[in-house]
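Before any comments, here is the structure.
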Amino acid sequence: MMATTNQNSKQVPATGNSETSGLDSEIQLVSSLAKLQELERKIHELRGFMPQGLLEPLVPIANPEKVSFGNPVAETPRILRASLDEAARARVADVQQFQSLWRGPEMTPIWAHVESRIKEANGQLIQPTGKWERDYDVLLEELARKEKSIEDERRQEDEEAERTKAQSTEGEWKNVLERFVHRAIPGVRVIKGQDETSLAVALVRAGVVFQIRGVSASGSPISDWEVSSKIAGRSPTKLENAILGCVGSRPRKWDLAFLLDMISSYADIKQTTCVKCNRLTDNGAQLPTVRRLSANQSSVDGPAHVYTFDALHYGCV
């Protein structure tokens with residue numbers, strides 16, 4: 001069946017049935033073939049495991065040269081019976097795991113696709129060659145890398161267009177700041193600095209104040225926003241340094257809205273748990289100071305974005 005699916009997929013173009021089964025792109029088709037290829041590999045694996053695995057406890061008895069630390073000779077009939085029972089349970093577990101993969105939700109659209117092709121061919125299947133012509137897991141990795149490269153390039157182009165638009169609008173960063181202040185985020189206070197392009201953001205509950213300063217060449221738009229926590233008479237705390245390290249490595253350094261939302265995501269850092277381990281502190285008693293842009297983003301006030309971030313410990317990244 002596996003090789004048959006391979007041949008059909010290469011000779012019959014995607015149709016409406018493919019779309020209804022979720023196989024409407026090259027990478028989805030290759031991913032499906034990779035899953036089928038893996039299932040076939042597991043079938044061959046099980047064919048070897050079943051007889052050999054069930055009889056493994058008897059091997060040292062029949063062939064003393066096969067005695068090993070992991071498979072010693074059973075000293076009593078009771079131990080032998082227990083070993084045979086354990087081997088049988090392990091093989092049953094292997095079969096059940098395979099059945100779960102075969103009937104799992106990831107395979108459902110694939111089987112639907114196969115059934116639709118059988119109906120389209122009136123039950124006549126193209127005879128397989130008996131072997132796979134490609135390693136589809138390798139091909140899937142190649143396609144995934146290519147797709148990621150295209151997506152990264154598209155993202156960079158979108159960001160460049162957005163940056164150019166923002167920087168071409170005089171005083172746009174002031175509008176961004178006003179919108180941020182208007183949102184009145186609990187525990188976050190914004191203080192305008194004496195310089196035209198400087199401000200401070202105080203995270204009241206965290207007890208942290210960050211200084212922000214716009215950086216630009218003479219007569220050029222702001223290309224970066226520098227962040228520090230320097231306060232006369234004291235050095236930054238360990239928590240401040242950890243936050244600064246993450247903020248300093250952020251993308252979109254020209255985007256004040258991105259920076260303000262990122263800093264405000266630390267407002268409740270002493271109550272925010274890690275999205276991965278769901279704990280407030282890790283084994284080193286450290287808070288989740290890493291921020292990763294959330295997959296789901298929202299926007300308010302038309303084109304004005306509100307960025308949301310996930311909190312993570314360094315060890316959970």
Side-chain angles (χ1 to χ4, degrees), residues 1-9 21-23 28-115 118 125 127-141 144 273-286 288 310 312-317:
M1 179 183 293
M2 305 307 172
T4 301
T5 307
N6 181 11
Q7 295 293 326
N8 285 342
S9 299
S21 65
L23 306 180
Q28 288 172 328
L29 287 168
V30 172
S31 175
S32 300
L33 288 167
K35 291 184 177 72
L36 291 171
Q37 202 170 38
E38 176 64 13
L39 282 177
E40 186 185 48
R41 186 189 67 79
K42 289 184 177 296
I43 287 175
H44 291 304
E45 200 174 73
L46 286 174
R47 285 172 177 167
F49 278 172
M50 292 309 294
Q52 296 175 8
L54 289 172
L55 300 177
E56 189 174 2
L58 299 176
V59 172
I61 299 175
N63 189 352
E65 294 181 357
K66 298 292 184 179
V67 175
S68 65
F69 177 78
N71 193 22
V73 175
E75 297 180 355
T76 66
R78 178 177 296 179
I79 294 176
L80 178 60
R81 172 60 186 272
S83 298
L84 291 170
D85 288 346
E86 183 179 352
R89 285 192 295 268
R91 300 293 77 77
V92 169
D94 289 337
V95 174
Q96 290 176 337
Q97 183 183 24
F98 175 80
Q99 289 175 332
S100 297
L101 290 174
W102 186 281
R103 300 168 181 168
E106 289 187 352
M107 296 301 300
T108 300
I110 299 175
W111 298 136
H113 175 77
V114 171
E115 291 296 331
I118 293 175
L125 300 180
Q127 291 300 314
T129 62
K131 64 180 181 179
W132 292 95
E133 297 181 7
R134 296 290 301 270
D135 287 330
Y136 284 98
D137 54 344
V138 176
L139 181 58
L140 181 61
E141 290 180 3
T273 57
C274 173
V275 295
K276 186 171 183 180
C277 68
N278 202 32
R279 295 168 55 191
L280 180 61
T281 58
D282 60 13
N283 294 332
Q286 301 302 310
D310 294 329
L312 290 148
H313 297 115
Y314 273 102
C316 294
V317 176

Of all residues at least two apart in sequence or in a different chain, which pass the side-chain contact (heavy atoms from CB on, under 4.5 Å) check with [X]?
X: E86; answer: R89
X: E141; answer: R145
X: E106; answer: K35
X: L139; answer: V30, R134, Y136, E142, L143

Does some side-chain heavy atom of [Y] sit less than 4.5 Å from a side-chain heavy atom of [X]?
X: L39; Y: M107; answer: yes
X: H313; Y: C277; answer: yes
X: L312; Y: C274; answer: yes

Review point. If every non-hydrogen atom of A34 is compared with every non-hydrogen atom of L140, which pair is closest and at what distance?
Key: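 That would be CB-CD2, 4.4 Å.
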Exercise for review: Measure the CG-CD distance between L33 and Q28 for me, rounded to the nearest 0.5 Å.
Suggested key: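 Here the rounded value is 12.0 Å.
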Review point. For E40 and H44, what are the C-alpha separation, side-chain angles and deciding distance, and is it a side chain to side chain contact (heavy atoms under 4.5 Å, CB included)?
Key: CA-CA 6 Å; E40 186 185 48; H44 291 304; 3.8 Å; yes
Exercise for review: Determine, stepwise, if the pair D135 / Q37 fulfils side chain to side chain contact (heavy atoms under 4.5 Å, CB included).
Suggested key: CA-CA 8 Å; D135 287 330; Q37 202 170 38; 4.2 Å; yes
Review point. For F98, what residues pass the ring-ring contact (aromatic ring centres under 6.0 Å, His included) criterion, not counting sequence neighbours?
Key: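 Listed in chain order: W102.
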Check your understanding: For K276, what residues pass the salt bridge (Lys or Arg N to Asp or Glu O under 4.0 Å) criterion, not counting sequence neighbours?
Key ->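 Salt bridge (Lys or Arg N to Asp or Glu O under 4.0 Å) list for K276, sorted by chain: empty.
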